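First the structure, in the form of structure tokens, and then the observations on it.
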Amino acid sequence: MRGKLGSVAVLSAVALLAAACGSSSPSSSPSSSTSSSASTAAAFKGCMVTDTGGINDKSFNQSSWEGMQAAAATDPSKIKVTYLASTTSADYTFLQQKCGIIVTVGFLMADATEAAAKANPSQKFAIVDCSYASDCLTGAKETNIDQLVFNTVQDGFLGGYLAAGYSKTHVVATYGGENFGTVTIYMDGFYDGVQYYNSQHHTSVKVLGWNESKQKGSFIGNFTDESAGQSLTNTFISDGADVIFPVAGGVGLGTAKAVQTADSSGKHITMEWVDTDGCVSAATYCPYMITSVTKGITEAVKTAVLAAADNTFKGGTYIGTLANGGAVLSPYHDFASKIPAALQSELVTIKSEIESGKIVPKTKSPV
């Protein structure tokens, strides 16, 4: 589902990437941040384009930028990085720059990235959360695109199992920002983790907001509307859910607000964050997060930038998993002493069994 938003973004994003490659002159300056002044000549420049959620989305844009910064920190005299912060689908503009690598973030950048890669075969690209295998990239395979994707059905499964085991009402919930494979893969894992808990413990914990077998559920329609996230979460709470898992970027902050309000009124509602460790990226709400179901985006982006800087870039596909640290269930932080030891032990075992292939979480959303 490239959707209405994606179709608007394509033409302007193509212009952005063409400008970034040095083949055209843009009409306006970007909202960007650099690791040094514009006058500083860099031996290697890494350029990043966010998706519409913005650089401080508490999610994968922010994690990607941290990866860019981490790469620059390895050799500040050699590597400089810059980003464009896009706030709407029509806001993709970029200064003409000679970028050693252009990192694009998210599903909506797929068409533009492919078009620019095809037009500029010597330019190196990386795209986060998008691949040919998942049909996010759909054209002829361009060898100058490094696809950074994450098998989050694995840690999503752990998150669902934990939610089911921690729930007191025997009702949990999940929802998405938009109906993309990179969203529903989390929801598939969460749903199936709950079902596995039910089968192991002979319980009947219910999942609101998603049905893996029917591939139907609740979506906000974007990754920025906190009010919509808060409203939907309040509906889930009214329907009995006491653990909520938003897969919705910044929209999840609306869930956090609803959980905070409900918990303060004595309802004992908790949540799980997505993509990043919420106790770091949204620390205010850490007291309500039993865990975060995350991607190793920062390390993946850092590795891609360093490969381009070191001339070892090969393109292709990187898949983050539980085994290689690219799919991670975050620490329990404030809940470390509240989650039963037996449940924590079960999760350790299940993680090992997923890594060994004994358990293979289901998903209809390919990586």
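Only a predicted model underlies this, so the values are computations on that prediction, with no experimental measurement involved.
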Item checked: Side-chain (K362) to main-chain (V360) donor-acceptor, under 3.5 angstrom -> no
Can you tell me if K216 has over 12 outside heavy atoms packed within less than 6.0 Å of its NZ? no
Validation row: F180, L108 side chains within 4.5 angstrom (heavy atoms)
yes
So side-chain hydrogen bond (donor to acceptor under 3.5 Å, both in side chains) across residues 230-242, not counting sequence neighbours, yields S167-D242, T169-D242, T233-T255
Set out, in order, the CA-CA distance, both residues' side-chain angles and the distance that settles side chain to side chain donor-acceptor pair (under 3.5 Å) for T203 and N198, then state yes or no. CA-CA 5 Å; T203 52; N198 285 336; 2.8 Å; yes
In short, S365 meets G181 closest at the heavy-atom pair CB-O, 3.4 Å
Please determine whether residues I354 and F190 belong to a single hydrophobic cluster, defined as Ile, Leu, Val, Met, Phe, Trp and Tyr linked transitively by side-chain heavy-atom distances below 4.5 Å.
yes
Closest non-hydrogen atoms of T276 and S292, given as atom of the first, atom of the second and distance, are O-CB, 3.3 Å
- S356 side chain to E353 main-chain N or O, any donor-acceptor pair under 3.5 Å? yes
Review point. Would you say the side chains of T312 and D310 form a donor-acceptor pair under 3.5 Å?
Key: no
Task: Y197 side-chain N/O to A163 backbone N/O, donor-acceptor pair under 3.5 Å - done: no
Taking I297 as the starting point, is it possible to reach I101 by hopping between hydrophobic residues whose side chains are less than 4.5 Å apart? yes
The complete set of side-chain hydrogen bond (donor to acceptor under 3.5 Å, both in side chains) pairs with one or both residues in residues 146-160, sequence neighbours excluded, reads Q147-T317
Rounded to the nearest 0.5 angstrom, the CD-CG distance for Q260 and L253 is 11.0 Å
- Does NZ in K314 sit with more than 12 non-hydrogen atoms of other residues, nucleotides or ligands closer than 6.0 Å? no
- With hydrophobic residues grouped by side-chain heavy-atom distances under 4.5 Å, do Y186 and V328 end up in a single group? no
Using a 3.5 Å cut-off and no angle test, enumerate the donor-acceptor pairs between side-chain atoms of residues 336-346 and protein atoms at least two apart in sequence or in another chain.
{"residue": "Q344", "atom": "NE2", "partner": "A336", "partner atom": "O", "Å": "2.9"}
{"residue": "Q344", "atom": "NE2", "partner": "I339", "partner atom": "O", "Å": "3.0"}
{"residue": "E346", "atom": "OE1", "partner": "Y161", "partner atom": "OH", "Å": "2.4"}
{"residue": "E346", "atom": "OE1", "partner": "H201", "partner atom": "NE2", "Å": "2.9"}

The reported gap from SG in C136 to CZ in F107 (rounded to nearest 0.5 angstrom) is 4.5 Å
Would you say the side chain of T349 lies within less than 4.5 Å of the side chain of L347, judging by non-hydrogen atoms? no
Interatomic distance, OG1@T82 vs CE@M48, rounded to 0.5 Å, equals 9.5 Å
In one Ile/Leu/Val/Met/Phe/Trp/Tyr side-chain cluster, 4.5 Å: I269, W273:
yes
Parallel, tilted or perpendicular: which one describes the rings of Y318 and F150, with boundaries at 30° and 60°? perpendicular
Tested for side-chain contact (heavy atoms from CB on, under 4.5 Å) against W65, the lone hit among V103, N56, V105, I55 is I55
Assess the residue pair L232 and I220 against the criterion (side-chain contact (heavy atoms from CB on, under 4.5 Å)); give the C-alpha distance rounded to whole Å, side-chain angles, the decisive distance to 0.1 Å, and a yes or no. CA-CA 8 Å; L232 179 57; I220 298 300; 3.9 Å; yes
- Okay, side chain of N120, backbone of S122: is any donor-acceptor separation there less than 3.5 Å? no
Quiz item: Just by distance, with hydrogens left out, do W210 and D188 show a side-chain donor and acceptor under 3.5 Å apart?
Solution: yes
Q. Is the shortest heavy-atom distance from the side chain of F223 to the side chain of V183 under 4.5 Å?
A. yes
Query raised in the report: With the 4.5 Å side-chain cut-off for hydrophobic clustering, are L162 and I359 part of the same group?
Result: yes
For K206, the salt bridge (charged side-chain N to carboxylate O under 4.0 Å, His left out) test, sequence neighbours excluded, returns none
Enumerate donor-acceptor pairs with a distance under 3.5 Å from any side-chain N or O in residues 300-307 to protein atoms, sequence neighbours excluded.
{"residue": "T303", "atom": "OG1", "partner": "E299", "partner atom": "O", "Å": "2.8"}

Taken to the nearest 0.5 Å, the spacing of E212 CD from K364 NZ works out to 4.0 Å
Task: Residue pair L137 / C130, side-chain heavy-atom distance below 4.5 Å - done: yes
Those residues at least two apart in sequence (or on a different chain) that pass salt bridge (charged side-chain N to carboxylate O under 4.0 Å, His left out) with K214 are none
Distance col, row C279:SG vs H333:NE2, nearest 0.5 angstrom, shows 4.0 Å
Sequence neighbours excluded, the answer for ring-ring contact (aromatic ring centres under 6.0 Å, His included) partners of F157 is Y196
inquiry  = side-chain contact (heavy atoms from CB on, under 4.5 Å) for F236 and S218? Distances and angles first, verdict last.
reply    = CA-CA 11 Å; F236 287 146; S218 300; 4.1 Å; yes
K118 meets the salt bridge (charged side-chain N to carboxylate O under 4.0 Å, His left out) criterion, sequence neighbours left out, with none
Residues at least two apart in sequence or cross-chain that pass ring-ring contact (aromatic ring centres under 6.0 Å, His included) with Y332, listed by chain then number, are none
| message | Are T104 and V128 packed together at the side-chain level, in the sense that at least one heavy-atom pair is separated by less than 4.5 angstrom? | response | no
Is there a donor-acceptor contact under 3.5 Å from the side chain of N61 to the main chain of T50? no
Distance col, row T113:OG1 vs I127:CD1, nearest 0.5 angstrom, shows 4.0 Å
Legend entry - Test item: T298 side-chain N/O and S63 main-chain N/O as donor-acceptor pair under 3.5 Å: yes
Practice problem: Report yes if the side chains of V251 and N222 come closer than 4.5 Å at any heavy-atom pair, otherwise no. | Solution: yes
Residues passing the ring-ring contact (aromatic ring centres under 6.0 Å, His included) test with F313, sequence neighbours excluded, are none
Legend entry - Min side-chain heavy-atom separation V172-L208 under 4.5 Å: no
Would you say the side-chain atoms of E114 pair up with the backbone N or O of G139, donor to acceptor, closer than 3.5 Å? yes
In short, I237 meets A262 closest at the heavy-atom pair CD1-CB, 3.9 Å
Hits for salt bridge (charged side-chain N to carboxylate O under 4.0 Å, His left out) against K124, two or more places apart or cross-chain, chain-then-number order -> none
Answer yes or no: is there a donor N or O on one side and an acceptor on the other, between the side chain of T184 and the main chain of M187, under 3.5 Å?
no
Kindly indicate whether the side chain of F245, heavy atoms from C-beta on, has any atom under 4.5 Å from the side chain of Y175.
no
### Check: T291 side chain, S330 main-chain N or O, donor-acceptor pair, under 3.5 Å
yes
Residue pairs passing the salt bridge (charged side-chain N to carboxylate O under 4.0 Å, His left out) test with at least one member in residues 252-265, sequence neighbours excluded, are E226-K257
*asked:* Taking I319's backbone N and O only, do any of them form a donor-acceptor pair with N324's side chain (distance below 3.5 Å, no angle check)?
replied: yes
